Each structure stands twice: as structure tokens, then as C-alpha cells.
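Small disclaimer: the values here were computed from a predicted structure and weren't measured.
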Amino acid sequence: MDLKYPIGQFQYNGEITHSVTSIWINEIEELPRLLRDAVRDLDNKKLDTAYRTGGWTVRQVIHHLADSHMNAYVRFKLALTEETPVIKPYDESNWAELSDYKLSIDISLSLLEALHERWTNLLRSLGSADMEKTFIHPDSGEVSVGENIGIYAWHGKHHLAHITSLCSRMGW
């Protein structure tokens, strides 16, 4: 198993249809519950274990998901309300070293629950023209709202797999 990409990298070459985005939105909606279930029995020592050598700890992964998905939510809103905005990237590795990444994971799990409720409500309200709207990421180029839904469905499952595969390997 590739510990860095346990479910592989995001790939989707088909047409981004309403049924495809509905599946992705459901996956985004389910993530907070799946995360809570995955970490329910982990003590601080386990939460502070890296999922791979050189990788983040479980605690950092949870806090990263909150940061990343807050940024994603704002990027969606920018794409929906502005003409092809250029979004601002952030240095996620440096963010993971800040003091708030040492806090209890309950803070970020609760944040993710509230954020994902708002986010999926927004995403379910979009029409086909909204799915075609785009933003520009300075590193990745132009990204459509529809494709970005898939990217973030994958992103949640990717980091969930970091946690669940670590737990499985460690016998937790």
C-alpha cells in the first residue's frame, strides 16, 4: 500500500454530471461522521502518531482537514460569486506546525460537522451553470466548481484512509 496515497491520487476523466456530483456531495457530507468514528477510541498517544514516516500525526490530519475544508468552502463561494477569481493558496505544512494543531481534535471535528452541513447545503443548491464556474489556483490552474467537488470528496477520503490504515496496521 502507498502510505502517502492510500486510495491513489484524484482522477476523474468522465463527464461531471448531476449524478456524479450528488455522489461526491454525499461523500463530503459523510466525512465528519466517518472521522469521528475512526478516532473515537484513540488516546493522545495514538493521536500523536504519524500515519507514515515523515507524515503528519492523526491530530494534525484532523486539524488540516478543518483548515483545508474551510479554505475550500471560501473558494467555492468565490467561484460562485466572482468571475474566475484567483484564489490564495496557503502553506499547509507550515500551518500544521502552528499551536492550534496541538489542540483537542474535538474542536476541529465539531468545526467540520458545522462546516460540512453548510457546505453540502450550498453544493446541493447549485445548477448546471454553477458547476461550470471556475477559479484559478496559482499552482493547479483553472478548476471548475464541479471538478472541485470531486477533488474535495477525494480529499476527505484520502485523509480518512491515512487514519484508518494506520489504525489497521497498528491493530488499534
Side-chain angles (χ1 to χ4, degrees), residues 1-12 19-77 80 87 89-126 143 145-172:
M1 172 195 281
D2 181 348
L3 297 181
K4 187 172 184 178
Y5 292 100
I7 64 168
Q9 295 192 42
F10 176 74
Q11 293 181 5
Y12 187 78
S19 61
V20 169
T21 57
S22 290
I23 291 167
W24 289 339
I25 293 166
N26 288 339
E27 291 172 346
I28 291 169
E29 181 178 50
E30 293 172 355
L31 180 66
R33 179 186 56 78
L34 295 172
L35 281 171
R36 232 182 238 286
D37 289 348
V39 299
R40 176 171 285 121
D41 298 323
L42 301 184
D43 59 24
N44 281 326
K45 182 177 179 183
K46 292 173 183 172
L47 290 171
D48 292 327
T49 302
Y51 71 87
R52 67 177 174 87
T53 303
W56 288 333
T57 66
V58 173
R59 184 183 311 276
Q60 287 173 307
V61 168
I62 297 289
H63 292 311
H64 161 72
L65 280 164
D67 283 345
S68 174
H69 290 194
M70 284 189 294
N71 275 281
Y73 180 65
V74 169
R75 290 170 181 175
F76 275 97
K77 288 188 135 191
L80 293 167
I87 59 96
Y90 66 99
D91 187 334
E92 60 189 33
S93 295
N94 283 340
W95 283 35
E97 297 303 319
L98 295 173
S99 66
D100 60 331
Y101 273 58
K102 292 174 180 45
L103 291 170
S104 165
I105 61 168
D106 287 331
I107 294 166
S108 284
L109 291 171
S110 295
L111 190 155
L112 283 163
E113 289 164 351
L115 175 63
H116 280 231
E117 186 170 336
R118 286 190 64 181
W119 193 10
T120 56
N121 176 276
L122 174 69
L123 295 177
R124 286 192 174 105
S125 76
L126 303 181
V143 180
V145 166
E147 179 184 10
N148 210 37
I149 295 171
I151 290 169
Y152 278 92
W154 169 85
H155 185 256
K157 293 186 300 185
H158 163 72
H159 285 302
L160 178 64
H162 284 149
I163 296 166
T164 58
S165 65
L166 172 66
C167 291
S168 178
R169 289 192 317 276
M170 301 298 281
W172 297 340

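Every pair passing salt bridge (Lys or Arg N to Asp or Glu O under 4.0 Å) that includes a residue from residues 48-66 is listed here, sequence neighbours excluded: D48-R59. Within the structure, the ring pair (Phe, Tyr, Trp, His ring centres under 6.0 Å) test picks out the following pairs touching residues 23-43 (sequence neighbours left out): Y12-W24. Judged as a salt bridge (Lys or Arg N to Asp or Glu O under 4.0 Å), the pairs with a partner in residues 103-123 (not counting sequence neighbours) are, in order, R36-D106, R36-E113. Listed by first and then second residue, the salt bridge (Lys or Arg N to Asp or Glu O under 4.0 Å) pairs that reach into residues 65-75 come to none, sequence neighbours excluded.
The local environment of CG in D91 is crowded, with over 12 non-hydrogen atoms from other residues, nucleotides or ligands closer than 6.0 Å.
With sequence neighbours left out, Y51 forms a ring-ring contact (aromatic ring centres under 6.0 Å, His included) with H162. Every residue two or more places apart in sequence or in another chain was checked for a ring-ring contact (aromatic ring centres under 6.0 Å, His included) with W172, and none qualifies. Remark: D43 pairs with no residue by the side-chain hydrogen bond (donor to acceptor under 3.5 Å, both in side chains) rule, at least two apart or across chains. Every residue two or more places apart in sequence or in another chain was checked for a side-chain contact (heavy atoms from CB on, under 4.5 Å) with N121, and none qualifies. For the side-chain contact (heavy atoms from CB on, under 4.5 Å) test, residues two or more places apart in sequence or in another chain that qualify with L80 are L122, L126, D130, K133, V145. Remark: H116 engages H69, W119 in a ring-ring contact (aromatic ring centres under 6.0 Å, His included) (not counting sequence neighbours). By the side-chain hydrogen bond (donor to acceptor under 3.5 Å, both in side chains) test, N26 is found to be paired with R124, residues two or more places apart in sequence or in another chain being considered.
One distance of note links CG of L123 with CZ of F76; it measures 5.5 Å at 0.5 Å rounding. To the nearest 0.5 Å, atom CD1 of residue I23 and atom CD1 of residue I149 are 12.5 Å apart. Separating the CG atom in L35 from the CZ atom in R40 is a distance of 11.5 Å, to the nearest 0.5 Å. Separation of atoms NE2 (H63) and OG (S104) is listed at 7.0 Å; rounding is to 0.5 Å. Summarising the geometry, atom CD1 belonging to I28 is positioned 12.0 Å from atom CG belonging to L112; distances are rounded to the nearest 0.5 Å. Atom OG of residue S93 and atom CD of residue Q60 lie 9.5 Å apart, to the nearest 0.5 angstrom.
The shortest side-chain heavy-atom distance between L166 and R169 falls under the 4.5 Å cut-off. In this structure, V39 and L109 have side chains that are in contact, with non-hydrogen atoms separated by less than 4.5 Å. Residues H159 and W56 form a side-chain contact, since some pair of their non-hydrogen atoms from C-beta on lies under 4.5 Å apart. For the pair D41 and C167, the minimum side-chain heavy-atom distance is 4.5 Å or more. Using a 4.5 Å heavy-atom cutoff, the side chains of L47 and T57 are not in contact. No side-chain heavy atom of W154 sits under 4.5 Å from any side-chain heavy atom of Q11. At least one side-chain heavy atom of H155 sits less than 4.5 Å from a side-chain heavy atom of L65.
Between L160 and A38 the shortest heavy-atom distance is CD1-CB, 3.9 Å. Of all heavy-atom pairs between L111 and A66, the closest is CD2-CB, 4.1 Å.
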Note to self: Between I163 and I62, does the side-chain contact (heavy atoms from CB on, under 4.5 Å) criterion hold? Intermediate values first, please.
What the structure shows: CA-CA 9 Å; I163 296 166; I62 297 289; 3.8 Å; yes
Checklist line | Derivation and outcome, side-chain contact (heavy atoms from CB on, under 4.5 Å), residues K46 and V58 | finding: CA-CA 8 Å; K46 292 173 183 172; V58 173; over 6 Å; no
Donor-acceptor contacts under 3.5 Å from residues 2-10 side chains, at least two apart:
from, atom 1, to, atom 2, distance (Å)
D2, OD1, K4, N, 3.0
D2, OD1, Y5, N, 3.3

